[in-house]
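Read the structure below first, then the notes.
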Protein chains: 2
Amino acid sequence: MATRVTINDVARVAEVSVSTVSKVVNGRYGVAPATIARVHQVINELGYETSLVASSMRNSRTNIIGILVAEFEPFALELLNGISATLRGTKYDLMAYAGNLTPEGHIGWERRSLSRLGGTLIDGAIIVTPTVEIPHSPVPVVAIDPQAGTDMPIIVDVDNSGGAQKATEHLLGLGHQRIGHIRGREDLKSAHLREAGYRQALENAGIPHDEQLIEQGDYQHDAAVEAARRLLDLPQPPSAIFAANDISALAALGVAAERGLAVPEDLSIIGFDDIPAAAQSTPALSTVRQPLHEMGSHAVRLLLSLLDGEEATAPQQLPAVLVPRDTTAPPRAN
Amino acid sequence: MATRVTINDVARVAEVSVSTVSKVVNGRYGVAPATIARVHQVINELGYETSLVASSMRNSRTNIIGILVAEFEPFALELLNGISATLRGTKYDLMAYAGNLTPEGHIGWERRSLSRLGGTLIDGAIIVTPTVEIPHSPVPVVAIDPQAGTDMPIIVDVDNSGGAQKATEHLLGLGHQRIGHIRGREDLKSAHLREAGYRQALENAGIPHDEQLIEQGDYQHDAAVEAARRLLDLPQPPSAIFAANDISALAALGVAAERGLAVPEDLSIIGFDDIPAAAQSTPALSTVRQPLHEMGSHAVRLLLSLLDGEEATAPQQLPAVLVPRDTTAPPRAN
DNA sequence: ATGAAAGCGCTAACAT
DNA sequence: ATGTTAGCGCTTTCAT
């Protein structure tokens, strides 16, 4: 754990000025070949590398893209995978920063992280699932799957309403006519869009609207359990349920079990997200998947074009992918 | 994309000196309550945040842990998951840096990244799968799964020999007596350890050593295909093969198919690593898994104790987990 | 209680 | 070809 080798150490040992070392390191003109050789030799001997931090204070460009996440959970990690793959071969390095691990300050973490890194350390940022608007950023920013309003300029997310529509049409296609919906969190854009997709599918199928079939699940297990119970307690219970996320769908699966309902024979259930647990449940949960890899890839391409000085593009919606598994089947003939 | 708000902006608007602002931000004593209030107000108005970069040049501590990876691939991402979870609730933020994405300089990326970030930006580092020794680091370092020698002081990795032994004993337990081995890359420590575990298991079972049953597969598909062919061409071919990694095992699976051998009836195959493709193959590959989540968690705990000034600990070996799937079964009765 | 000044490691404009 | 200097944003003595 030796102390850091700085440009000063190199200059001293090579018996030149620091600016000469800097010129050599950055390949600037106006240094004698002999000097270049000697400096390089000292650099190797000492194992010197320029400090990213110090040089980023002088240079505007660092060739580093920052990925700002609240936390490294599976959703963010899968995005990171696509981002990393897309960045390979470009001149950019990748720095992922989780600035929300400390107990304090959880809301608005993205604004904080962006201010702390932007303008100096990173040339541009991709923010994963931001919770608040970013009014003015020091660097170009692309948001992935923003939770709140749509005021962020550049956005990549899944086609929530289209995905919900696919899920509902899947049930419709199996022959279901009475389809319930467990709604997501009121304050999140995605919840509204998913509900809209559900309504759209029913409308397209010419099925009259029944407000009783929509219950609030808040994207959370407990609330979804209650919602599912109310749905199944209906005088005319639904033969299928589209839940706004997999957590809720899994909750509904539990309620079906507690009622002695066979899934999918007595009740079909489909979720949204395709979280890992979805594939593990018994029976395996039918759902709709966000193409995370491609979303990350898309975000990178958008950011790179922004960094090349191109104009802001319209929001990018990537299609959701239907993943039919074992919780959806035709309704029991009656 | 407004320009960055600096401490100077705050000072100017609040009509105080920058040092006063700094004191307020860092909660130092000796500032009038009225001044504190005014400065805070301006900070909020302007949306100021201290620059990580600038402050890290003055402070020795940043409360940021750096994870240095060559690339964000599944192995590193899974580790990141464990690392992030373990760091939650501590005072540390997490910064993951992939410094190998640029085409040039791929070997020794870890030394480069460490020099560039260490000493200023990060308080300590966890390096994933380093390829070279780190002679002197500016900050405490823990290595996960180093590829080369064992000269790195603090290491976390899977128990390679133990895992190989488990795999071999699994085959032994099924009744196999003649077990081949496709060896990994000569220059990697893990390959030697896995071979050693294989030999140990056979020795423990009192099975005489047959050098013909070990072939070089280099951890690579093509070489492993050749190795598997040679094994199966033997006058007395093995009834089971332990491959040093899943790539090689999958290659062997292909060779079995090309020979018309049924797996696992005619030939049992087991790999090592549990890469995603392992679960996808037909039949699904039996293998041995590295507990990546726990390895990440362990590395964090080691690093934190190092940062608390504790002494270097001995290398940590985490047990590998046997994952029996469908490519291993008792040998055909003969 | 406040501010002026030095310095962290580095780069670039400007001498020499 | 080389060195001197200023300054990036910040924290920390050290005056005042």
Side-chain angles (χ1 to χ4, degrees), chain A residues 3-40 42-43 46-64 114-123 138-139, chain B residues 3-39 42-43 46-64 115-123 138-139:
Chain A
T3 176
R4 198 170 189 296
V5 178
T6 76
I7 198 172
N8 279 293
D9 302 322
V10 176
R12 187 165 12 83
V13 175
E15 296 178 294
V16 292
S17 71
V18 291
S19 49
T20 298
V21 176
S22 175
K23 281 170 195 161
V24 171
V25 168
N26 297 293
R28 300 277 175 277
Y29 294 110
V31 185
T35 311
I36 295 182
R38 182 153 38 91
V39 171
H40 268 135
V42 174
I43 285 176
L46 268 43
Y48 167 77
E49 289 286 344
T50 67
S51 161
L52 199 51
V53 167
S55 60
S56 80
M57 282 199 63
R58 296 290 336 219
N59 296 337
S60 47
R61 294 199 63 120
T62 56
N63 290 332
I64 297 178
L114 190 58
S115 287
R116 276 161 63 87
L117 303 189
T120 35
L121 237 203
I122 58 180
D123 289 349
V139 293
Chain B
T3 177
R4 198 173 187 293
V5 178
T6 75
I7 197 172
N8 279 293
D9 302 322
V10 176
R12 187 165 12 82
V13 174
E15 296 177 294
V16 292
S17 70
V18 292
S19 43
T20 298
V21 176
S22 174
K23 280 169 194 158
V24 171
V25 168
N26 297 293
R28 299 277 175 276
Y29 295 110
V31 185
T35 311
I36 295 183
R38 183 153 38 93
V39 170
V42 173
I43 286 177
L46 267 43
Y48 168 75
E49 288 287 344
T50 67
S51 161
L52 197 52
V53 168
S55 59
S56 80
M57 282 198 62
R58 296 287 330 214
N59 296 336
S60 47
R61 294 197 66 118
T62 56
N63 289 332
I64 296 178
S115 288
R116 277 161 65 87
L117 303 189
T120 34
L121 236 203
I122 59 181
D123 289 349
V139 292

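Not measured: the values here are computed from a predicted model. Here is how names work: the chains are called A, B, and so on, in the same order as the sequence lines, proteins then strands, and each is numbered from 1.
- The interatomic distance linking B:N8 (CG) with D:dG9 (P) rounds to 7 Å, in whole Å.
- Using modelled atom types, one side-chain atom of A:R28 and one backbone atom of A:N26 make a donor-acceptor pair closer than 3.5 Å.
- A distance-only check finds no donor-acceptor pair linking the side chain of A:T120 to the backbone of A:M57 [under 3.5 Å].
- For the residue pair B:S22/B:S19, the side-chain donor-acceptor check at 3.5 Å is not satisfied.
- Panel note: side chain A:R116, backbone B:E49; no donor-acceptor pair is recorded below 3.5 Å.
- In this structure, the CZ atom of B:R4 is 8 Å from the P atom of D:dG9, given to the nearest Å.
- Between D:dG9 and B:R58, no contact under 4.0 Å exists linking OP1 or OP2 to a side-chain N or O.
- Rounded to an integer number of Å, the gap from B:I7 CD1 to D:dT12 P is 11 Å.
- Distance, A:R61 CZ to C:dA12 P: 14 Å, rounded to whole Å.
- A heavy-atom distance below 4.0 Å to DNA chain C is reached by these residues of residues 11-23 of chain B, ordered by number: B:V16, B:S17, B:S19, B:T20, B:K23.
- Counting any heavy atom pair closer than 4.0 Å across all strands shown, A:T50 reaches sugar-phosphate atoms only and no base atom.
- A close approach under 4.0 Å does not occur between any side-chain nitrogen or oxygen of B:N59 and OP1 or OP2 of D:dC10.
- Atom CG in B:L121 sits about 13 Å away from atom C1' in C:dG9, given to the nearest Å.
- Remark: side-chain polar atoms of A:S56 are paired, donor with acceptor, to backbone N or O of A:L52 under 3.5 angstrom.
- No engagement by A:S56 is indicated, since no non-hydrogen atom pair under 4.0 Å with the nucleic acid exists.
- Side chain of B:S55 to main chain of B:S51: a donor-acceptor pair is present (N/O by atom type, distance under 3.5 Å, no hydrogens or angles).
- Rounding to whole angstrom units, CZ of residue B:R38 and C1' of C:dT2 are separated by 11 Å.
- Here A:T35 reaches the OP1 or OP2 of D:dT2: one of its side-chain N or O atoms lies under 4.0 Å away.
- Side-chain proximity of B:T6 to C:dT2, D:dC10, C:dG9: nearest is D:dC10.
- Residue B:M57 contributes atom CE, which lies 9 Å from atom C1' of C:dG7 at whole-angstrom precision.
- One can place CZ of B:R28 at 8 Å from P of D:dT11, the figure rounded to the nearest angstrom.
- Without hydrogens or angle criteria, B:R38 side chain to B:A14 main chain gives a donor-acceptor distance under 3.5 Å.
- The residue A:Y29 sits apart from the nucleic acid: no heavy atom pair falls under 4.0 Å.
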